[in-house]
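These figures come from a predicted structure and were not determined experimentally.
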Amino acid sequence: MIEPILEARDLSFSFEGKKPLLVKLSLAFKEAELVVLAGRNGAGKTVLAKCLAGIYQAPRASVLFRGSDLAGLKGSPATKVAYLFQDARLQVLGDSLLEDALFGPLALGMQRDEAEARARAALESLGLGGRLRESPLGLSGGELRRLAIASVLALDPEVLILDEPFANLDWQGVASLLGVIGDLRNRGKTLIVLTHELEKIVGLADRLIVMDRGAPVADGKPSALIGEGLEVHGLRNPLRPATSLGELQWLDPPPA
């Protein structure tokens, strides 16, 4: 049996003095797998993802990376599992694209020459190699997403978690980001994409996990799950047909 690259094992989590948000949750993720983690707002997707990335401190040995406790591994968890926030601006820390991509490697103690080589390569791979000295302030929403991805790729993580990556992107921005996601999967990265906008990504996914009320309620190949009552978990069926403009409104039931 192939060992998962990332695993939640009997994971429970709550904020101090609050009711549990996750209770004995177990999920495993394979290497080079593209997983869509879907669910209504408040389903527990982001809490789970931040535990998987080591941002929220989970109980010991409840989050494993290649079979070892993520929290106990040497160095920053971000070199193993990188988390990209929904608002890409939260991860922009440099005055130029190059300085932004350099921040993480330098903060982890990497020598400047190696850090700059990694940063340049990451920016080049995301189509930003010709804009190293530009300010991030002039980037579009889609370009900011690519900069955020480049900045974590400079750390060479094996798993990338993208939290609602399509939020506030126009059609071109979504298409560009999907190209990046497909390229990362082809490079062997494990990708976990949190979203409730299934229509934008599920066609590329190897696996769909649906969460509701802090627990996985469906897990399998997207082709087997789409249309299987996802609406009860706050998700719109992306295959729902429309025969008129009125039915393009996200109303249930659609107007007569």
Side-chain angles (χ1 to χ4, degrees), residues 2-13 21-22 25-39 44-88 90-91 93 100-101 103-110 115 118-119 122 125-126 145-165 177 180-195 201 205-209 211 216 219:
I2 299 175
E3 181 181 88
I5 189 170
L6 185 64
E7 184 178 4
R9 184 179 294 176
D10 291 330
L11 170 62
S12 297
F13 181 83
L21 299 172
L22 306 174
L25 182 152
S26 293
L27 283 172
F29 301 90
K30 300 176 184 176
E31 193 164 0
E33 184 178 40
L34 172 51
V35 181
V36 171
L37 184 61
K45 305 186 301 294
T46 295
V47 172
L48 170 59
K50 288 185 175 180
C51 288
L52 291 173
I55 297 172
Y56 289 165
Q57 189 171 2
R60 189 167 182 81
S62 60
V63 176
L64 306 177
F65 179 82
R66 295 197 181 279
S68 298
D69 183 9
L70 178 68
L73 295 177
K74 183 178 179 180
S76 168
T79 61
K80 309 292 190 300
V81 184
Y83 183 92
L84 288 100
F85 289 85
Q86 178 175 340
D87 187 346
L90 296 175
Q91 289 178 266
L93 301 170
D100 192 76
F103 182 87
L106 291 177
L108 295 178
M110 197 176 294
R118 285 194 180 201
S125 73
L126 271 297
R145 289 268 195 276
R146 284 191 278 146
L147 175 59
I149 294 172
S151 297
V152 299
L153 282 183
L155 300 173
D156 197 26
E158 296 182 62
V159 181
L160 283 84
I161 300 174
L162 292 82
D163 191 351
E164 297 290 355
L177 182 57
V180 169
I181 289 172
D183 180 59
L184 291 172
R185 179 175 60 174
N186 292 339
R187 289 161 58 182
K189 301 294 184 184
T190 300
L191 295 133
I192 304 172
V193 180
L194 282 63
T195 187
I201 183 66
D206 302 303
R207 180 179 170 199
L208 171 63
I209 300 173
M211 288 189 67
D219 184 353

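- Between L177 atom CG and L162 atom CG the span is 7.0 Å, to the nearest 0.5 Å.
- With rounding to the nearest 0.5 Å, the separation of CD in Q86 from OG1 in T195 is 9.0 Å.
- With respect to R118 and D156, no salt bridge is recorded, no charged nitrogen being found less than 4.0 Å from a carboxylate O.
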Original post:
Checking salt bridge (Lys or Arg N to Asp or Glu O under 4.0 Å) for the pair K30/D206: CA distance, chi angles, key distance, verdict?
Top reply: CA-CA 10 Å; K30 300 176 184 176; D206 302 303; over 6 Å; no
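- Atom CG in L194 sits 9.0 Å away from atom CE in M211 (nearest 0.5 Å).
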**OP:** Could you please spell out the steps behind the side-chain contact (heavy atoms from CB on, under 4.5 Å) verdict for L208 and D219?
**Re:** CA-CA 6 Å; L208 171 63; D219 184 353; over 6 Å; no
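- To the nearest 0.5 Å, the span separating CD1 on I192 from CG on L37 amounts to 7.5 Å.
- Formation of a donor-acceptor pair under 3.5 Å by the D100 side chain with backbone atoms of L93 is found in this model.
- Side-chain atoms of K80 do not come within 3.5 Å of backbone N or O of F65 as any donor-acceptor pair.
- I161 contributes atom CD1, which lies 11.0 Å from atom NZ of K50 (distance to the nearest 0.5 angstrom).
- Between the side chain of S26 and the backbone N or O of D10, at least one donor-acceptor pair lies under 3.5 Å.
- Salt bridge present: E158 and R66 bring a charged side-chain N and a carboxylate O closer than 4.0 Å.
- A101 and A119 make their closest contact through CB-CB, 3.7 Å (heavy atoms, listed as atom of the first residue, atom of the second, distance).
- Taking CG of L34 as the reference point, atom CD1 of I201 lies at 5.0 Å (rounded to 0.5 Å).
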